[in-house]
2 protein chains.
Amino acid sequence: MVSYKDIQLTTGLSLATISKYFNGGNVRPANREAIDAAVAIHGYRPNAIARGLRSGKSRTVGVLLPALDNDFHLTIIASVEQRLREVNIGVVVATSPSADAATVDLLLGRRVDGIVAVPSPHDVDALSRAAGEIPVVALDWRAPGLDVDGVFLDNRAAGQLAARHLRSHGHTAALVLSPEPPLSSVAARVDGFLAELGPGGVSLAAPLSVDGARDAVASVLASVLGPTDAPTAFFAPNYELTLGALIAINESGRILGRDVSLIGFDGTDLARASRPRLTIIEQPMREIAEEAARTVLDLLQGERAPARERLLAPRLNAGASVARVTDTVTD
Amino acid sequence: MVSYKDIQLTTGLSLATISKYFNGGNVRPANREAIDAAVAIHGYRPNAIARGLRSGKSRTVGVLLPALDNDFHLTIIASVEQRLREVNIGVVVATSPSADAATVDLLLGRRVDGIVAVPSPHDVDALSRAAGEIPVVALDWRAPGLDVDGVFLDNRAAGQLAARHLRSHGHTAALVLSPEPPLSSVAARVDGFLAELGPGGVSLAAPLSVDGARDAVASVLASVLGPTDAPTAFFAPNYELTLGALIAINESGRILGRDVSLIGFDGTDLARASRPRLTIIEQPMREIAEEAARTVLDLLQGERAPARERLLAPRLNAGASVARVTDTVTD
DNA sequence: CCCGGAAAGCGAAACGTTACGCTTTTCGGC
DNA sequence: GCCGAAAAGCGTAACGTTTCGCTTTCCGGG
């Protein structure tokens, strides 16, 4: 391993001077050149580990995710990485399988300077403890009992947005897929939806998976006699549910946006490519992630304020998957 | 920062003994308990940085990606992380924006023990140099001049697979979207396709983007008079191109699998939700990533063999987006 | 040519571990 | 109770930096 020592040997300068140079201190031009030359010869590269030991900072933040299985997670990693690379801070990713409560400790052991996390129930405690030592920013799920800075989607508003869109198209009745067991962020979307839609809103229990949603929707569709009977509008308050619902509808042979209406959640690509184009509620993933990145960075730079929470607004991306209802189904 | 020293103070044991205990050495039961107690009291956590300095290993590997913008990249991170966490090795992600040739150095500065990379042209040199010091495994793109272990899709075979599928459905002519500027992995798919399909294969230049593909396909469709004239089969050798082609077809009002045929690439979700279900060539992302993870791990554990290359086979996931051609279009 | 302040350079200690080679303790067999 | 081997424990140096408080060198003004 090539170190300051090698540079010392070839330049005759002291370690202190070399270090000073590397940290922007003043060094006589001749020595400056000598050091540069020696660096080039030996291919010297500062050792971040030694630096970290000495300084107590690793210039690294941890990104903790419950799994690595969707676009949002990727966006989080990407945004945080991009923002932090600008200031030369590295990103360590860690997933926290539900079996294992030690993932946070793994990050702390690596002496990360901060953590950006999508909390899951089993690491709330560890995150709370961690928050005592380093900045922690929570994302996506407002974990009960975790009092740290956070950036979240306004889930209730998302549900309301979907309901209002249906109402404005003449729908007074609709089914909302309601995951079983519940997940608080999705549950808030369901609540917002039901509250806004009024008595016509019905919740349809389904496992939180593509196939679960497909089966649930398929069995509702099978039990409906004519295509225009009964509730023919669905709200899928999550990407997986959306995918399942869409598959079920397509498999049933019904025409989306005519026989049956659907508002999905996330999955911009899917929405664009669907036929007809799917109307979805989108959460501003990139903004959420960027806001989180900005927040850790502020905290790292010492702006220690009382834990603050930001709620970002959902957007409706309109396609043609919601039929317009007047007296009878038209179009 | 709580360290061995604190434990030394409360137990009276020497640092050497404490260290030995933490590394699985034999320690008298009484002392064992004393240490455990002290650890609990102080909330001690081994300092990976100090360990790393002393041992020269960081127990960290770098994952280098040109960008973080698709499913495959996520799968790579997920698989590598999952595999390495089993043996307590951390994962640092770094993206390498095309402006910047220093991303590899950033990883080396952090003294990663190995690198898994999807190479991009501007960091081939740096990767080559890195390979002299630590194991490097390349993924997805076989960069010319980069002589390291690699795991890739058999791109030619993927093109051939698509062509054979079209032929078996009676198609003798088809357009393949051909990215401009070329990207060698996608180009190999195009080549395989054209070679297998024979003289009926025509390449259609398009920028490597969703909108580029959409425009290219749209203009072809607009110039076709009747729905059954001329080439009505497309092969999109990449996810973005697939998405663009699908959008163009839907927007044109033509019916997929009847008026026009399409074989896409990747995007299992999209394929399932498309109506009709899309026929795609899938690369075994998870396997590729897992194989890469396994390879770094082997290399880290000293199995230093001559650089080896693995080619994984594509799969065809059949939907109903390819029409069966006999004399005239049927169905 | 000398003075003095400013600029540059220096040695040593410290960060938290681990590994080496040694000394001390333990304990079963006599 | 003693011997000796095996087990356990110990002090110290080293990993590559940065920082502290000094000392040395530089250089313009008189």
Side-chain angles (χ1 to χ4, degrees), chain A residues 1-36 38-39 42-60 88 90 105-113 133-134, chain B residues 1-36 38-39 42-60 88 90 105-113 133-134:
Chain A
M1 193 56 2
V2 22
S3 73
Y4 280 180
K5 226 165 218 161
D6 302 86
I7 298 186
Q8 176 179 39
L9 255 39
T10 52
T11 62
L13 293 167
S14 78
L15 299 178
T17 302
I18 299 169
S19 169
K20 196 199 282 182
Y21 175 51
F22 271 94
N23 292 288
N26 273 335
V27 166
R28 246 190 291 272
N31 293 335
R32 199 175 286 262
E33 286 165 25
I35 295 179
D36 284 338
V39 165
H42 292 97
Y44 172 77
R45 209 190 319 279
N47 183 327
I49 293 192
R51 262 210 245 258
L53 177 59
R54 173 64 224 223
S55 67
K57 314 260 100 210
S58 60
R59 297 198 75 76
T60 286
N88 245 288
D105 286 336
L106 192 146
L107 291 174
L108 292 178
R110 290 185 183 276
R111 293 301 188 269
V112 295
D113 299 330
E133 307 178 25
I134 55 172
Chain B
M1 194 56 1
V2 23
S3 74
Y4 281 179
K5 224 164 218 162
D6 301 87
I7 297 185
Q8 176 178 39
L9 254 41
T10 53
T11 61
L13 294 168
S14 79
L15 298 179
T17 302
I18 299 169
S19 169
K20 197 199 282 182
Y21 175 50
F22 271 94
N23 292 287
N26 273 336
V27 167
R28 245 189 292 273
N31 293 334
R32 199 175 288 261
E33 286 166 25
I35 295 179
D36 284 339
V39 165
H42 293 98
Y44 172 77
R45 210 191 318 279
N47 184 327
I49 293 192
R51 264 211 244 257
L53 177 59
R54 173 63 226 228
S55 66
K57 315 259 100 212
S58 61
R59 297 198 74 75
T60 286
N88 246 286
D105 285 336
L106 191 145
L107 291 174
L108 292 178
R110 291 184 182 278
R111 293 301 188 267
V112 295
D113 299 330
E133 307 178 25
I134 54 172

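Note on naming: letters A, B, ... go to the chains in the order of the sequence lines (proteins, then strands), and numbering restarts at 1 for each one.
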Nearest heavy-atom approach of B:Arg110 to A:Gly90 is NH2-N, 3.0 Å
Below 4.0 angstrom from OP1 or OP2 of D:dG11, is there any side-chain N or O of B:Ser14?
no
Taking protein heavy atoms under 4.0 Å as touching, what does nucleotides 15-20 of chain D look like 5' to 3' if B marks base contact, S marks sugar-phosphate-only contact and - marks none?
BBBBB-
Starting at atom NZ of A:Lys57, determine the distance to atom P of C:dA14, rounded to an integer number of angstrom.
21 Å
Atom CD1 of A:Ile35 to atom P of C:dA8: distance rounded to whole Å?
13 Å
Could you tell me which residues satisfy side-chain hydrogen bond (donor to acceptor under 3.5 Å, both in side chains) with A:Thr17, sequence neighbours excluded, listed by chain and number?
A:Ser14
Interatomic spacing from CD1 in A:Ile7 to OG in A:Ser19 - rounded to 0.5 Å
11.0 Å
Check this one for me: any side-chain N or O of B:Thr17 less than 4.0 Å away from OP1 or OP2 of D:dA8?
no
How close do A:Ala50 and B:Leu53 get, counting heavy atoms only, and between which atoms?
CB-CD1, 3.8 Å
For B:Asn26 and D:dA8, is the shortest distance between a side-chain N/O and OP1 or OP2 below 4.0 Å?
yes
If I take atom CG in residue A:Asn31 and atom P in nucleotide D:dT25, what distance separates them, rounded to the nearest angstrom?
13 Å
B:Gln8 atom CD is separated from D:dC10 atom C1', nearest whole Å, by 10 Å
Under 4.0 Å, counting only non-hydrogen atoms across every strand here, what does A:Ile49 touch: a base, just sugar-phosphate, or nothing?
nothing
Where do A:Gln8 and A:Leu13 come nearest, in terms of heavy atoms and distance?
CG-O, 3.0 Å
B:Leu106 CG to A:Arg45 CZ distance, which is reported to the nearest 0.5 Å
10.5 Å
